[in-house]
Amino acid sequence: MGKFRDRRWRLVVAGAALLVCTPRFVAASAAAAEPTGAQPPFRLQSLGHGVWAAIATPHGSAGSNAGFIVGSTGVLVVDTFEDPGAARALLAAIRKRTALPVRYVVDTHYHLDHVAGNGVFRDAGAVLLAQRNVRAWERTLNLKFFGAKITAAERRMVQSYVRPSVLYRDGVEVYLGDRRVVIEVLPGHTGGDSVVEVPDADVVFTGDLFWGRALPNLIDADTRAQIASDEALAAAHPRATFVPGHGVVGHAADVRAFAGYLEALRSAVAAARARGLAADALVRAAAPGLRSTYGGWDYFDHFIAPNLLQTAAELAGKKSVPQPPPAGSWAAGTP
Ligand SMILES: [Zn+2]
């Protein structure tokens, strides 16, 4: 815990907010004078049928949402938080509810706030699964969140994250006894994003393709693809409960509202670009209109400027997003 708190302090002091835009750091900057260790890392929310959402508390150490699904022969965990201590708390919460083994973990994507607790579950005997790019990116692309002043200890931490060992390209189905879990790859947030669907409970864990009443981190996003993925999810699961990667649990209307934010963002950026605006001038012109509709969503003040600038780069065809490793590297086992 202390290590993470120190890291956040240093980054907040350094004003590195544009690089480090996981909500954990937002919470730290919003409450810089408060101790952060007092809150539990997450609030456990029962979705019925043995499916649970672990919703990150605003100032706790989890940094993202997670969850778990209990079947007749074992448990599948979705994401492992930003902090191993929070992951241990999740494992303890599972142990209170079932004696069945934790057989699987799915990393919805590579971002550090979803994978840093992987080792806790690997050590408990779980097999870690993810879209295959996640394994290639987890120990490399996460370095960028620390900025140019990354310390040697931070570098070692990222390079020691426990990576998934079972990889898929488009998706996979897992049976927990007679309970079927469908893992589907959809584009938009990073280029290696999985959603975890529990058909018999009508629950969908979306990773960061959907944020619940919150502005998203778009650092790696293809917003056009993300809108299409969200609309497809809402259409395919009209009565489902959706567990977002960040923010509150929602339904199809909330997923559509989130896609609506991305649409509004793209429209505002396109209009500003059409007036020849860029950089700070673009932000000043486009932010107020979005604030009138979305100003009450979490992280608005933190993410609105980077959302606008990153979308401007995307619309200009100048945004760099994560690239899959070369095809041959898979056979060699190097990713
Ligand atoms: Zn993410």
Side-chain angles (χ1 to χ4, degrees), residues 11 17-28 42 53-56 61-67 77-83 86-87 105-118 128 130-131 133-147 158 161 163-164 183-196 204-223 225-227 229-230 233 242-248 250 255 258-259 261-262 265 297-299 302-303 306-307 310-311 314 319-324:
L11 290 163
L18 265 185
L19 273 171
V20 181
C21 32
T22 64
R24 178 89 188 276
F25 299 106
V26 180
F42 55 85
I55 303 301
S61 60
S64 74
N65 296 338
V77 171
V78 183
D79 284 339
T80 66
F81 297 135
E82 186 178 63
D83 173 51
V105 169
V106 176
D107 289 341
T108 60
H109 61 293
Y110 83 88
H111 284 163
L112 57 82
D113 50 330
H114 297 258
V115 305
N118 277 356
L128 278 60
Q131 202 278 342
N133 293 343
V134 173
R135 182 175 167 91
W137 294 340
E138 194 182 290
R139 290 182 178 175
T140 53
L141 301 191
N142 275 322
L143 294 168
K144 71 182 170 203
F145 290 108
F146 297 88
V158 170
Y161 285 156
R163 295 179 296 180
I183 299 157
E184 182 184 9
V185 174
L186 288 172
H189 179 60
T190 61
D193 302 299
S194 296
V195 300
V196 178
V204 181
F205 292 86
T206 65
D208 283 359
L209 287 168
F210 162 52
W211 295 50
R213 293 190 60 78
L215 260 61
N217 178 351
L218 297 178
I219 191 168
D220 294 327
D222 174 337
T223 56
Q226 187 158 358
I227 290 164
S229 291
D230 285 329
L233 282 171
F242 288 88
V243 181
H246 299 268
V248 293
V255 177
F258 177 75
Y261 166 72
L262 296 177
L265 176 70
W297 285 15
D298 282 348
Y299 318 132
H302 184 80
F303 276 137
N307 276 191
Q310 287 161 356
T311 302
E314 182 187 343
K319 186 175 184 188
S320 74
V321 295
Q323 296 301 312

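For the single chain, residues carry numbers from 1 onward in sequence order. Hydrogens, waters and symmetry mates play no part in the numbers below; they use all other heavy atoms, side chains included. Counting convention: from 1, in listed order, for ligands and their atoms alike.
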Could you tell me which N, O or S atom of [X] is nearest to the Zn ion (ligand 1)?
| X | value |
| --- | --- |
| His111 | ND1 |
| His189 | NE2 |
| Asp208 | OD2 |

Quiz item: Should the ring pair Tyr299 and His246 be called parallel, tilted or perpendicular, given that the plane angle runs from 0 to 90° and is split at 30 and 60?
Solution: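 Tyr299 and His246: perpendicular rings.
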Quiz prompt | N, O or S from His109 under 2.8 Å to the Zn ion (ligand 1) | solution =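 It does: His109 brings an N, O or S atom closer than 2.8 Å to the Zn ion (ligand 1).
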Quiz item: For the ring pair Phe81 and Phe42, is the centre-to-centre distance below 6.0 Å?
Solution: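 For Phe81 and Phe42, the ring centres are under 6.0 Å apart.
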Quiz prompt | Nearest heavy atoms of Asp107 and Ala130, plus distance in Å | solution =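 Distance-wise, the nearest heavy atoms are O-CB, 3.8 Å.
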Practice problem: Give a yes-or-no answer on whether the side chains of His189 and Asp222 include a donor-acceptor pair shorter than 3.5 Å. | Solution: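 On atom types as modelled, these side chains do not qualify, holding no pair under 3.5 Å.
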